[in-house]
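The residues of the chain are indexed from 1 along the displayed sequence.
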Amino acid sequence: MDVDLSNRVGEAAERFVPGERRGELIEAEHLARYWWASQMVAGRRLLDAGCGVGYGTAMLARAGAAEAIGLDLSPDSVAAAGKAHPELTFVTGDVHALPFEDDRFEVVTCFEVIEHVDRQQEVIAELARVLRPDGVLAISSPNRGVYPSGNPHHVHEYTPEELRAELAMAFAHVELRRQHDWVASAVLDDGQVSDAELGSLDADVGKVVGYEPGSETYTLAIASQQPLRAMPGRVVLGSVDEVRDGLLQGARAKTALADVAHLQEVEAQLRHEKRVLLAELEEVRATLRTIHRSWLWRVAKAVRGLGRLPR
């Protein structure tokens, strides 16, 4: 998450801060949304609603926005954003009641925010209000049913069609985009491999698997009162170390489970052998009891006693 919008204790732990998760999948997910949206901001006035610590607002400003303003409900986030990017404007405000006049912006971004607030249609109406008639809203939500459930800070996660329908109540044109996580293998030269800055690679991107629309982890949407122009997809590559660590942990867990299963099999075998031995012992005892009660045993016992008489 980019922001602390619900004002609940602990929600700040959800805020993404660049540098703290460097190279991890979560960084690629957050940066990909803003990098994708940066294609529409050149020469336009922008509001980043739910800006968090301002890294996305700064990305959009660098992409050529004529004006870039970040808004967040958390004063701490706004202060951190202003300190990190003093050249930009950040304000404290609520997405239910934006402190801007009608038709103020040509682009509004609102990423990983809508699921954290109640009265969501009211928020979408506010985002539409501050957009010019030809403006564009770019918004995202975790996809309920695909995104891991149980986040206590999420009020309502949208399915793709729910998001489309909600936006269609305020905008004439709505299009969805699907944000999936992928495992990639790239062939690059030394400079491309060593460069850690986010930017375009002189490389073609292909894929070897397809997914059904609606199976994405996050759904992104663009909405406007005017027909929407085509926007190509963008891919952000992260470190494979996270995947390797996950595979290694999985392999270790699999080995541990195999060891436990083997020990359980050994224990079961020993219990079985114990039951067999106890049964055999009981049979021997039963045989001895039968012999002791027989007349032949009593006679033999008496004869053995005679053999011990003094001479």
Side-chain angles (χ1 to χ4, degrees), residues 2-3 5 32-51 56-57 59-61 63-73 88-91 93-144 155-179 213-214 216 218-234:
D2 303 332
V3 311
L5 279 173
R33 288 187 277 267
Y34 278 106
W35 193 35
W36 168 77
S38 69
Q39 301 173 86
M40 66 176 77
V41 303
R44 311 179 85 179
R45 291 176 294 175
L46 159 81
L47 170 65
D48 184 19
C51 64
T57 316
M59 284 181 63
L60 298 172
E67 179 184 34
I69 297 176
L71 174 138
D72 200 282
L73 185 64
L88 301 178
T89 300
F90 296 95
V91 298
D94 188 342
V95 289
H96 291 92
L98 295 170
F100 305 106
E101 67 273 17
D102 295 354
D103 304 334
R104 175 72 170 76
F105 301 100
E106 292 156 296
V107 177
V108 173
T109 55
C110 187
F111 293 141
E112 299 306 286
V113 173
I114 194 69
E115 69 274 13
H116 289 266
V117 300
D118 56 8
R119 310 192 318 276
Q120 293 167 314
Q121 187 57 50
E122 181 180 308
V123 172
I124 291 172
E126 270 295 277
L127 299 174
R129 179 185 66 78
V130 299
L131 273 171
R132 288 167 49 102
D134 59 347
V136 179
L137 168 66
I139 190 169
S140 73
S141 170
N143 182 4
R144 189 177 76 252
V155 176
H156 176 75
E157 300 164 354
Y158 285 93
T159 66
E161 291 310 312
E162 284 176 348
L163 183 61
R164 187 200 301 273
E166 196 91 322
L167 291 170
M169 295 176 66
F171 294 93
H173 300 272
V174 179
E175 293 183 6
L176 301 185
R177 298 293 185 269
R178 322 290 179 164
Q179 186 175 7
E216 67 272 14
Y218 304 93
T219 304
L220 277 68
I222 46 178
S224 178
Q225 306 301 353
Q226 301 297 323
L228 295 157
R229 68 178 181 87
M231 285 179 56
R234 284 191 162 175

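Heavy-atom minimum distance, E106 versus G43: OE1-O, 4.3 Å. Taking each heavy atom of D72 and C51 in turn, the nearest pair found is OD2-N, 3.6 Å. Of all the heavy atoms in A49 and V113, the pair that sits closest is O-CG2, 3.7 Å. When all heavy atoms are compared, the tightest approach of Q225 to P133 is CB-O, 3.3 Å. For L88 against A61, the heavy-atom pair with the smallest separation is CD2-CB, 3.8 Å. Of all non-hydrogen atoms in R164 and L176, the two that sit nearest each other are NH2-CD1, 3.4 Å.
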Going through the distances and angles, do I69 and R45 end up as a side chain to side chain contact (heavy atoms under 4.5 Å, CB included)? CA-CA 8 Å; I69 297 176; R45 291 176 294 175; over 6 Å; no
Steps toward side chain to side chain contact (heavy atoms under 4.5 Å, CB included) verdict (I114, I124): CA-CA 8 Å; I114 194 69; I124 291 172; 4.2 Å; yes
Working for side chain to side chain contact (heavy atoms under 4.5 Å, CB included), residues L73 and V95: CA-CA 8 Å; L73 185 64; V95 289; over 6 Å; no
Hey, mind stepping through L98 and L47 against side chain to side chain contact (heavy atoms under 4.5 Å, CB included) and telling me if it holds? CA-CA 10 Å; L98 295 170; L47 170 65; 4.3 Å; yes
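Between V41 and T109 the shortest side-chain heavy-atom distance does not fall below 4.5 Å. Looking only at side-chain heavy atoms (C-beta outward), S38 and M59 stay at 4.5 Å or farther from each other.
A ring-centre distance under 6.0 Å is not found for F171 and H173.
A donor-acceptor pair is defined here as one N or O able to donate and one able to accept, closer than 3.5 Å; such a pair exists between the side chain of Q39 and the backbone of W36. Looking at R234, its side chain does come within 3.5 Å of a backbone N or O of W35 through a donor-acceptor pair. H96 contributes no side-chain N or O that, together with a main-chain N or O of E126, makes up a donor-acceptor pair within less than 3.5 Å. Of the possible polar contacts, none joining the R33 side chain to the E112 backbone as a donor-acceptor pair under 3.5 Å is found. Looking at N143, its side chain does come within 3.5 Å of a backbone N or O of G214 through a donor-acceptor pair.
The existence of a salt bridge linking R104 and E67 is confirmed by a sub-4.0 Å separation between a basic side-chain nitrogen and an acidic carboxylate oxygen.
How far CD of Q120 is from NE2 of H156: 5.5 Å, rounded to the nearest 0.5 Å. Rounding to the nearest 0.5 Å gives a distance of 12.0 Å between CG of L131 and CD of Q226. To the nearest 0.5 Å, the span separating CG on D103 from CG on D134 amounts to 9.0 Å. Rounding to the nearest 0.5 Å gives a distance of 12.0 Å between CZ of R144 and CD of E115. Atom OG1 in T219 sits 9.5 Å away from atom CD in Q179 (nearest 0.5 Å). With values rounded to the nearest 0.5 angstrom, I222 atom CD1 is found 5.5 Å from M231 atom CE.
For the residue pair S141/E157, the side-chain donor-acceptor check at 3.5 Å is not satisfied.
Using cut-offs of 30° and 60° on the angle between ring planes, the pair F100 and F105 is perpendicular.
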